[in-house]
Amino acid sequence: MHADRYSGQALVTTFLGVSEPQQPPPLTFELRHEHRLTNTSRIVFSDVKQSNFAAERVYRIPRKMLKIPRPSSHEDFLAARAMSMKDDMSMMLDWQDDEIPGPDVSSRDDLLQFAHMAFNTYYADNTTEWYDVSDRGWDKSTPHGWLPGEDGMRGHIFVSQDNSTVVIAIKGTSAGWLVGGGGPSTGKDKLNDNLLFSCCCARVGPTWSTVCGCHEGGYKCDQQCVQDALTEKEDLFYPVGLNLYNNVSYMYPNANIWITGHSLGGSLSSLIGVTFGAPVVAFEAPAEKLAAGRLHLPSPPSTQHVTHFYHTADPIAMGACNGVSSSCAIGGFAMETRCHLGQVIRLDTVSTLGWSVDVRTHGIKYVIDHLLGPNSEWPEPDAEPEPSGFWGWPGWPGRDKDEPKQTTGRLPPPRPAGDVEGEDGVCSDCFNWEFVDYRNASKTRR
């Protein structure tokens, strides 16, 4: 019966002249490299031998065609950024839509593959708590940042079996109350969090030791000072991520590059993805739109190639983990931004599931176990009633009344971040702060 129905549907589609765009086939990925930042600020790679655990860490991810705006050359992008940083002037860029195969994350299972990659970046190998992804078809990965004493950005690199696509997975913040354990990178993770996601140098209260000296009293902050801190401060992970991307593109010059990560790793993924026009899937990431502006990243016509997944009980992704009495402040973090780039899939777990806002729901394992995995608490969308005949036409068979209902695993479709997080499509961060060039009275910015 099913074959007749589908063939009938194809006949009707052909008869009506309706055709759906052909999407590229799914890809199978394997863990191939680890990547790490040494104490001398060098990015190094180590191959994961096929006989090692990596041979069992395989992912299969569907694809769809994406249109991503990119400048005519990356050199033009860098020139525009340099002009903005030096002269506070904008350079017009010739943005062109490149159509490339990107990840299709329209279902829970599709997102789950990236979530597993993001989770596994917190561990060097499967001797700890790796998720088994042996049936998903991703190739070997290369880890980075795992030698003793190394405390910088780290993660893994997955490569499709045909070498056509690479996924860079970047670790997020290692802190016990976020992912269940700390680590040597905790100090630099916290520095990057407080630089990227605070309103003014992590100035939460008068007793705080700030990460840069830009506070001007009250709710006043020197704009140029805080921008300089994000571009000149040592140990900032964003320029490391740029070098990482360049190294991977050199290793795989003909491959498409996708990026994923959780928390800080997700935000860095987005910033790198906007810089290079690469597809991004980020989980529970602190909002990075403010940081993109302070880093002087030229703004493309669209950033919809960046997809953020988060839920409303996570105060970090929601930009609600702030104030001197918040869990973040108690842990020494100033997570004050709420406006993301790109598009978002936001699950309202507070209203739908009755979850309480709690920083412990931020962890990627919690998201996997409760929202994306096989025991997901998120309800299936109500199926639309199926007509007795195909499209309601008499004589076309419908579903057998005794046929079991199929679960779809589908989630709410992604929406532009401004529509979800702002008013009339506009989202604003740190609205109670005044940002002016106090130390250079000849230039005033807000």
Determine, step by step, whether Arg294 and Phe435 satisfy the side-chain contact (heavy atoms from CB on, under 4.5 Å) criterion, reporting the C-alpha distance in whole Å, the side-chain angles of both residues, the deciding distance to 0.1 Å, and the verdict.
CA-CA 12 Å; Arg294 289 176 170 177; Phe435 296 98; 3.1 Å; yes
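- Looking at Leu111, Leu347, Asp110, Ile364 one by one, the single match for side chain to side chain contact (heavy atoms under 4.5 Å, CB included) with Leu372 turns out to be Leu111.
- The aromatic rings of Phe77 and His74 lie parallel to each other, their planes meeting at an angle below 30°, with 60° marking the opposite boundary.
- The only member of Glu288, Arg346, Gln343 that meets side chain to side chain contact (heavy atoms under 4.5 Å, CB included) when paired with His308 is Glu288.
- Between Gln23 and Asp104 the shortest side-chain heavy-atom distance does not fall below 4.5 Å.
- Under 3.5 Å, the side chains of Tyr238 and Thr275 contain a donor-acceptor pair of N or O atoms.
- Side-chain contact check for Glu434 versus Tyr219: every heavy-atom pair is 4.5 Å or farther apart.
- Looking at every heavy atom in both residues, Val324 comes nearest to Ala329 through O-CB, 3.7 Å.
- Judged by distance alone, the side chain of Thr312 and the main-chain N or O of Val350 form a donor-acceptor pair under 3.5 Å.
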Can you give me every donor-acceptor pair (side chain of residues 416-429, partner residue at least two apart or in another chain, under 3.5 Å) with its distance?
| from | atom 1 | to | atom 2 | distance (Å) |
| --- | --- | --- | --- | --- |
| Glu421 | OE1 | His340 | N | 2.9 |
| Glu421 | OE2 | Tyr310 | OH | 2.6 |
| Glu421 | OE2 | His340 | ND1 | 2.6 |
| Asp429 | OD1 | Arg338 | N | 2.7 |
| Asp429 | OD1 | Cys339 | N | 3.3 |

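- The side-chain heavy atoms of Pro279 and Leu66, taken from C-beta on, include a pair separated by under 4.5 Å.
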Report the C-alpha distance between Cys201 and Cys221 in whole Å, list the side-chain angles of each, state the deciding distance to 0.1 Å, and finish with yes or no for disulfide (SG to SG under 2.5 Å).
CA-CA 9 Å; Cys201 305; Cys221 187; 5.2 Å; no
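- Note that OG1 of Thr173 is 5.5 Å distant from CZ of Phe333, once rounded to the nearest 0.5 Å.
- Counting heavy atoms from C-beta on, the side chains of Trp355 and His311 come closer than 4.5 Å.
- The two residues Trp95 and Pro71 come nearest to each other via the heavy atoms CZ3-CD, 3.3 Å.
- Taking both residues in full, the closest heavy atoms of Gly172 and Asp189 are given as O-OD2, 3.7 Å, listed atom of the first, atom of the second, then distance.
- Counting only N and O atoms by type, the side chains of Asp358 and Ser356 include no donor and acceptor under 3.5 Å apart.
- Note that CZ of Phe309 and CZ of Arg108 are 9.0 Å apart. Values are rounded to the nearest 0.5 Å.
- For the atom pair CG of Asn194 and NZ of Lys190, the computed distance is 7.5 Å after rounding to the nearest 0.5 Å.
- No hydrogens or angles considered: nothing links the side chains of Asp109 and Ser107 as a donor-acceptor pair under 3.5 Å.
- Side-chain atoms of Ser84 do not come within 3.5 Å of backbone N or O of Ala80 as any donor-acceptor pair.
- The side chain to side chain contact (heavy atoms under 4.5 Å, CB included) test with Ile168 singles out one residue from Thr260, Leu244, Leu268, and that residue is Leu244.
- Arg63 approaches Pro101 most closely through the heavy-atom pair NH1-CB, 3.8 Å.
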Step by step, would you call Asp369 with Lys365 a side-chain contact (heavy atoms from CB on, under 4.5 Å)?
CA-CA 6 Å; Asp369 291 346; Lys365 190 175 189 303; 2.8 Å; yes
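- Residues Ile61 and Trp258 have side chains in contact (heavy-atom distance under 4.5 Å, counting atoms from C-beta outward).
- Rounding to the nearest 0.5 Å gives a distance of 7.0 Å between NZ of Lys171 and CZ of Phe237.
- As summarised for Cys430 and Cys200, their two SG atoms remain at a distance no smaller than 2.5 angstrom, missing the threshold.
- Atom-to-atom distance recorded for Ser73:OG and Leu78:CG is 8.5 Å, nearest 0.5 angstrom.
- In this structure, CG on Leu230 lies 5.5 Å from CG on Leu195, to the nearest 0.5 angstrom.
- No side-chain heavy atom of Glu284 sits less than 4.5 Å from a side-chain heavy atom of Ser263.
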Steps toward side-chain contact (heavy atoms from CB on, under 4.5 Å) verdict (Ser164, Leu27)
CA-CA 9 Å; Ser164 69; Leu27 283 178; 3.8 Å; yes
What do the steps show when you test Lys67 against Gln304 for side-chain contact (heavy atoms from CB on, under 4.5 Å), and what is the final call?
CA-CA 9 Å; Lys67 288 186 177 180; Gln304 301 305 295; over 6 Å; no
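- A donor-acceptor pair under 3.5 Å is absent between the side-chain atoms of Thr303 and the main chain of Leu341, judged by distance alone.
- In this structure, the side chains of Leu295 and Arg81 come closer than 4.5 Å at one or more pairs of heavy atoms.
- Counting all heavy atoms, side chain and backbone alike, Val166 lies closest to Ala255 at CG2-CB, 3.9 Å.
- The shortest side-chain heavy-atom distance between Arg360 and Tyr366 does not fall under the 4.5 Å cut-off.
- Closest non-hydrogen pair, Leu411 versus Trp378, comes out as CD2-CD1, 3.9 Å.
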